[in-house]
Protein chains: 2
Amino acid sequence: MSDDTKGAGGTKTDAARDDMPIGSLARLTGVKIPTIRYYEEIGLLPAPTRSQSNRRLYAARDAARLAFIRHARELGFDLDAIRILMALQEKPEQSCSEADGIARARLAEVEDKIARLSALKIELEHMLEGCAHGRIATCRVIEVLADHGKCRHQ
Amino acid sequence: MSDDTKGAGGTKTDAARDDMPIGSLARLTGVKIPTIRYYEEIGLLPAPTRSQSNRRLYAARDAARLAFIRHARELGFDLDAIRILMALQEKPEQSCSEADGIARARLAEVEDKIARLSALKIELEHMLEGCAHGRIATCRVIEVLADHGKCRHQ
DNA sequence: CTTGATCCTCTAGTAACTAGAGGATGTAGG
DNA sequence: CCTACATCCTCTAGTTACTAGAGGATCAAG
């Protein structure tokens with residue numbers, strides 16, 4: 001680690017000290033190195049300071065930001081929604097109705113997806129329960145797929 | 001429509017007559033024109049005959065094949081699986097255990113996805129039930145996302 | 001010095017489409 | 001015949017969120 005960076009930031013707090021290389025950040029947050037670079041590229045993460053040899057150096061606040069992103073991704077929020085949520089986070093006096101709306105929309109999506117997958121599950125189960133492990137000529141799986149009458153949108 | 005095509009195929013059955021333009025096929029099957037072209041490009045649909053002006057001309061068997069693909073896509077089978085299923089369809093004496101296996105794998109995926117989405121639903125609901133529509137400073141949505149302790153994988 | 005780990009930028013790929021751009025052909029009506 | 005609209009062609013590139021190298025540079029330990 002370059003002493004120059006340390007010296008220049010001698011009065012920095014822990015949250016502000018840029019001394020964590022990208023590999024450490026990846027291990028700390030569980031987000032892969034290329035993904036971290038990707039988030040920087042699309043503006044979701046600020047470009048970090050660099051060492052003399054051009055290596056990225058992160059601070060604890062970057063780790064916190066990345067953890068927020070990761071958590072939101074796990075909940076299925078898309079990157080644009082996360083962008084909005086993070087912007088809101090930086091305006092404590094703002095109404096939280098937008099954040100609420102984003103989360104509600106996501107919940108509705110999840111509920112819709114569950115419903116659709118459940119219907120799908122039933123269809124697949126029906127397909128499989130008639131399957132006697134015989135020949136293709138009498139194969140239920142192939143038969144159902146080939147039967148246009150079974151297409152749900154026709 | 002070119003009389004040449006008709007003349008050359010004078011003894012063709014309906015299933016073999018190549019006279020349906022791509023727009024008609026798209027309307028008949030509900031699959032978009034670019035998607036049909038895409039399927040041809042990746043080999044899922046055979047390249048059709050062409051008119052003198054280079055327009056694609058499809059037969060009823062092409063429509064049947066496309067309907068199979070579409071039905072399988074709706075059930076969430078990926079294109080490689082569909083490729084296999086269609087190959088199996090053309091071998092009536094073959095055992096249908098592979099088709100069965102493909103469908104079972106898909107069913108397992110669906111069940112897994114339902115379980116994961118259901119857990120997600122609960123998390124989102126918890127997040128939202130504490131939301132009092134106040135300020136960001138006390139916003140449950142932002143709070144939960146920012147709280148690393150709530151990250152499921154840490 | 002060597003070796004292995006870590007990091008850099010860049011290009012392109014993944015899966016399944018989808019959206020034009022720019023041009024050609026077909027058809028109906030005047 | 002012309003015009004206007006519909007239909008079709010190929011080609012390129014975009015969508016979303018990553019991901020996989022290639023080729024090279026730097027860092028740290030032995």
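Scope of the values below: all heavy atoms of this structure, side chains included, with no hydrogens, waters or symmetry mates.
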Would you kindly give the [atom1]-to-[atom2] distance between [X] and [N], to the nearest whole Å?
X         : N       : atom1 : atom2 : value
Arg73(A)  : dT16(D) : CZ    : P     : 12 Å
Asp19(B)  : dT7(D)  : CG    : C1'   : 16 Å
Ile42(A)  : dA17(D) : CD1   : C1'   : 8 Å
Ile69(B)  : dA16(C) : CD1   : P     : 12 Å
Glu41(B)  : dA13(D) : CD    : C1'   : 13 Å
Glu109(A) : dT16(D) : CD    : P     : 13 Å
Lys32(B)  : dG20(C) : NZ    : P     : 12 Å
Glu74(B)  : dA16(C) : CD    : P     : 15 Å

Applying side-chain hydrogen bond (donor to acceptor under 3.5 Å, both in side chains), can you list everything that pairs with [X], at least two apart in sequence or on another chain?
X         : answer
Arg55(B)  : none
Glu90(A)  : Arg65(A)
Ser118(B) : none
Glu125(A) : Lys121(A)

Pairing residues for Pro21(A) by the side chain to side chain contact (heavy atoms under 4.5 Å, CB included) criterion, not counting sequence neighbours: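 By the side chain to side chain contact (heavy atoms under 4.5 Å, CB included) rule, Pro21(A) matches Ser24(A).
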His71(A) side chain vs Leu66(A) backbone, donor-acceptor pair below 3.5 Å: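 Checking the backbone N and O of Leu66(A) against the side chain of His71(A), no donor-acceptor pair under 3.5 Å is found.
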Sequence-aligned protein contact record of nucleotides 3-15 of chain C, with B where the base is within under 4.0 Å of a protein heavy atom and S where only the sugar-phosphate is: ---BSBB------
